Engineer: 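Handing you a structure now.
Each ligand, and each atom within it, is numbered from 1 in the order the structure gives. Since the model is a prediction, treat every value here as computed from it, not as a measurement.
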Amino acid sequence: MSSIGRVNIQRLDVRLDEARARTDQLRAQLHEHNHRYYVLDDPTVSDAEYDLLFRELQALEAAHPELLTADSPTQRVGGAAVKAFAEVRHRLPMQSLNNAFSEQELRDFDRRVREGLGLPASGDLPSAEVEYVAEPKLDGLAVSLIYEQGLLVRGATRGDGTTGEDITENLRTIRRIPLRLRGEPPPLLEVRGEVYYPLADFRRLNAEMEAKGQKTFVNPRNAAAGALRQLDPKITAGRPLAFYAYALGVSEGLTLPRQHWQVLQQFQAFGLPVSDLIERVAGAPGCWQYYLAMQARRASLPFDIDGVVYKLNDLAGREELGSVSRAPRWAVAHKFPAEEAETVLLDVEFQIGRTGAVTPVARLKPVFVGGATVSNATLHNLDEVARKDVRIGDAVIVRRAGDVIPEVARSLPEKRPADARVVVLPAQCPVCGSPVAREEGEAVARCTGGLTCRAQLHAGLLHFVGRRAMDMEGYGEKLITQLIERKLVSSPVDLFKLDAAALAGLERMAEKSAQNVVDAATKAKATTLPRFLFALGIRDVGESTAEALARHFVSLKALIEAAQSDAPTAEAEKKKDRFPLLQAVPDVGPEVAAQLARWFTDPHHLDLLAELRAVGIEWSEQAAVVIEGPLSGKTFVITGTLPESRDAVGARIEAAGGKLTGSVSAKTDFLVAGEAAGSKLAKAEKLGVAVLGWDALLQLLEQGPQL
Ligand code: IVH
């Protein structure tokens with residue numbers, strides 16, 4: 001008996017070995033065919049032949065589940081549906097792009113790049129032009145793909161640029177995204193690119209939705225977003241999304257190329273799809289030619305583009321230029337002109353914003369423009385309305401560019417009906433009845449009701465709970481409206497006093513969701529100073545200003561003291577440097593300083609802060625870790641290409657007690673200059689700042705400055 005058993009096992013082993021060899025072979029063949037079909041657009045087998053191989057692999061995997069691998073071509077829809085997407089923190093932020101709308105703005109961009117790199121102004125010599133890589137600006141969604149040892153292990157949305165959502169299973173269904181990279185990929189590679197909905201497929205999808213009596217998608221971008229947001233990857237798999245790679249994120253063990261162009265070539269070698277519309281161009285003239293060519297081809301492309309992107313090709317130059325706020329200085333999106341359409345202005349209503357700003361909003365006869373049906377558009381402010389001579393009842397031109405809010409561009413007075421009415425600013429806030437005031441020299445009129453105005457309260461609370469502010473999940477537009485209407489909340493403080501019982505009485509609020517909402521508020525109490533400052537909604541204090549303030553003052557107390565001591569006296573009003581303590585913060589100018597001084601001297605605001613503290617809001621107040629070391633008290637700037645990444649070099653300096661800043665000034669002690677250092681080096685030399693090469697830096701790190 002035992003001998004029979006042994007024979008069987010042996011036979012099974014043989015069969016398993018054969019099966020393993022065959023599955024490996026089939027997978028390699030299918031990967032190759034996929035690559036040829038989806039990436040190179042150059043298949044060498046018919047669909048029927050492909051299907052035959054695919055089904056053979058499926059059958060083998062079904063018979064030998066132990067042979068299944070995550071990167072098998074059969075595993076594009078393996079994942080189960082999820083209840084919610086997990087959060088993913090991007091190791092490097094996913095930035096956005098600044099826009100240019102004209103040839104002049106393109107030239108301005110090129111000029112800033114040249115200045116930043118310390119190059120002379122653009123001449124007529126083509127050889128002296130800066131080289132850019134020009135790419136189509138795909139109108140889809142940015143995603144990040146993480147490959148470890150060549151295997152796709154995670155895919156995420158851009159989210160707010162810092163934190164996105166884990167949509168790995170959905171991205172695995174996109175055939176153009178390789179599950180395994182070809183060639184010799186490094187241990188870690190993050191690829192960034194755009195997921196989009198091809199136009200022909202989009203039209204088919206909408207026709208199907210319509211036939212089924214379901215809501216159609218406004219444009220391919222929304223269709224792509226809808227498909228990626230599915231909690232069940234099987235639904236995503238039924239939507240033929242596409243993908244193009246266009247940027248490198250983090251990597252380990254990759255020999256970093258010197259140029260973006262080479263990065264794109266590497267991507268192709270790894271089997272990633274890169275658009276063949278991408279070109280290298282010389283200077284602003286080359287960019288402009290590319291723009292015109294793309295504009296001409298736009299209508300015949302199989303996907304939507306809303307402009308083109310120019311990126312500095314030289315990667316060391318990019319480091320040199322750095323970023324402002326959320327966008328790099330080394331790239332710009334040149335948008336196609338907005339689309340326009342004619343319609344009728346039915347009425348003008350006034351919306352009250354977070355800071356009380358009264359914005360005239362046009363109610364329009366619905367019109368399809370720029371890929372969406374528009375029935376509301378902004379009129380900005382009353383000066384604009386007067387300048388454009390827009391009256392209620394007028395035929396007007398509506399303009400919409402990409403995802404920008406549609407606006408009324410102008411009226412057509414020649415078509416004006418006799419009963420057209422002039423738009424007048426209401427004397428009282430349409431929401432709370434408080435007087436509407438307009439400060440001298442300001443275009444914007446404001447409701448003076450503050451948080452007693454429901455509209456300001458609503459907008460202020462929405463801002464407060466927002467993802468980038470206190471990040472309180474579950475507090476949407478509708479919940480906040482109900483809370484205000486039922487007088488459950490009249491200040492941000494009240495959000496932390498709600499209990500599940502009070503919430504359970506609201507519409508669409510089951511016991512469990514009521515508890516979730518309360519839990520979200522509890523969780524949000526532990527926050528950071530920058531988030532808290534941003535959440536307060538102080539006029540002109542955006543996220544990056546909030547961060548700069550927190551870094552500079554470290555504690556809220558110190559900020560309040562500075563703001564109060566800076567608060568203007570008649571004497572100080574006359575001085576140029578009116579807010580010396582506040583303006584010492586990088587990026588805080590006189591206007592922002594004035595807002596801060598005003599905000600932190602208002603007793604209502606100080607009460608609000610005290611109450612928020614009293615309900616338990618906390619943040620850690622720690623200086624950006626003061627380390628004592630050989631470089632304590634010394635300020636460093638890093639530039640050029642060094643043997644280690646800039647982050648790594650910065651970390652070494654900070655670990656030795658040194659401080660890093662972004663730009664060279666008289667206060668800089670050392671400039672660490674690598675290869676291809678540009679304008680920063682020139683400036684350091686001009687100011688007499690000590691310049692260190694790599695070896696000199698290493699020595700300094702060992703020994704500290706020799707005084
Ligand atoms: S590069 C820091 N290249 O545009 C640069 N973006 O406004 C990061 N986009 O979020 C982006 N086509 O969704 C880049 N060829 C392209 C692009 C592109 C479309 C989108 C992307 C990004 C947004 C920035």
Engineer: What residue and atom, counting heavy atoms only, is the protein's closest point to atom 5 (C) of ligand 1, and at what distance?
Structural biologist: Leu97 CD2, 3.6 Å
Engineer: Excluding sequence neighbours, so at least two apart, what forms side chain to side chain donor-acceptor pair (under 3.5 Å) with Asp166?
Structural biologist: Thr168
Engineer: So which of Lys311, His260, Met94, Arg192 gets nearest to atom 3 (N) of ligand 1, if we judge by its closest heavy atom?
Structural biologist: Lys311
Engineer: Taking NZ, NE, NH1 and NH2 as the nitrogens, is one of them in Lys311 or Glu135 under 4.0 Å from a carboxylate oxygen of the other?
Structural biologist: yes
Engineer: Please answer whether the main-chain N or O of Met470 pairs with a side-chain N or O of Thr527 as donor and acceptor at a distance below 3.5 Å.
Structural biologist: no
Engineer: Can you say whether the rings of Tyr244 and Phe303 are parallel (under 30°), tilted (30 to 60°) or perpendicular (over 60°)?
Structural biologist: perpendicular
Engineer: For atom 8 (C) of ligand 1, find the nearest protein heavy atom and state the residue, atom name and distance (0.1 Å precision).
Structural biologist: Gln95 O, 3.9 Å
Engineer: Show which side-chain atoms of residues 174-194 pair as donor or acceptor with protein atoms under 3.5 Å away, not counting sequence neighbours.
Structural biologist:
from, atom 1, to, atom 2, distance (Å)
Arg176, NE, Tyr38, O, 3.2
Arg176, NH1, Phe243, O, 3.3
Arg176, NH2, Tyr196, OH, 3.0
Arg180, NE, Asp71, OD2, 2.4
Arg180, NH2, Asp71, OD2, 3.1
Arg182, NH1, Glu32, OE1, 3.0
Arg182, NH2, Glu32, OE1, 3.1
Glu190, OE1, Arg192, NH2, 3.2
Glu190, OE1, Val250, N, 3.0
Glu190, OE2, Ser144, OG, 2.7
Glu190, OE2, Arg192, NE, 3.2
Glu190, OE2, Arg192, NH2, 3.3
Arg192, NH1, Pro93, O, 3.3
Arg192, NH2, Leu92, O, 2.6
Glu194, OE1, Tyr246, OH, 2.6
Glu194, OE2, Gly140, N, 3.1
Glu194, OE2, Leu141, N, 3.4

Engineer: For atom 16 (C) of ligand 1, state which one of Tyr244, Tyr310, Tyr246 supplies the nearest heavy atom.
Structural biologist: Tyr246
Engineer: To check your reading of the model: name the closest protein heavy atom to atom 13 (O) of ligand 1, its residue, and the distance in Å.
Structural biologist: Glu194 OE1, 2.7 Å
Engineer: Run the numbers for me: atoms of ligand 1, each under 4.0 Å from some heavy atom of Glu135, listed by number.
Structural biologist: 3 (N), 15 (N), 16 (C)
Engineer: Picking from Lys683, Glu320, Glu319, Lys680, what satisfies side chain to side chain donor-acceptor pair (under 3.5 Å) with Thr639?
Structural biologist: Glu320
Engineer: Picking from Asp314, Asp110, Asn313, what satisfies side chain to side chain donor-acceptor pair (under 3.5 Å) with Tyr132?
Structural biologist: Asp110
Engineer: Quick check: does Ser96 get an N/O under 3.5 Å from an N/O on ligand 1?
Structural biologist: no
Engineer: Find all atoms of ligand 1 within a distance of less than 4.0 Å from any non-hydrogen atom belonging to Pro328, and give their numbers and elements.
Structural biologist: 2 (C)
Engineer: Nearest protein heavy-atom contact for atom 4 (O) of ligand 1: which residue, which atom, what distance?
Structural biologist: Lys137 NZ, 3.2 Å
Engineer: I'd like to check whether Trp330 has a polar contact with ligand 1, where a contact means an N/O of the residue lying under 3.5 Å from an N/O of the ligand.
Structural biologist: no
Engineer: When only distance counts, is Leu138 in polar contact with ligand 1, meaning an N/O pair under 3.5 Å?
Structural biologist: yes
Engineer: State whether Arg468 and Glu543 are salt-bridged, where the test is any N-O pair (Lys NZ or Arg NE/NH1/NH2 against Asp/Glu carboxylate O) under 4.0 Å.
Structural biologist: yes
Engineer: Which of the numbered atoms in ligand 1 are under 4.0 angstrom from any heavy atom belonging to Ala142?
Structural biologist: 10 (O), 13 (O), 21 (C)
Engineer: Kindly check if the number of other-residue, nucleotide or ligand heavy atoms within 6.0 Å of CZ (Arg229) is above 12?
Structural biologist: no
Engineer: So if I count the atoms of ligand 1 from 1 in the order they appear, which ones are less than 4.0 Å from some heavy atom of Pro136?
Structural biologist: 12 (N), 15 (N)
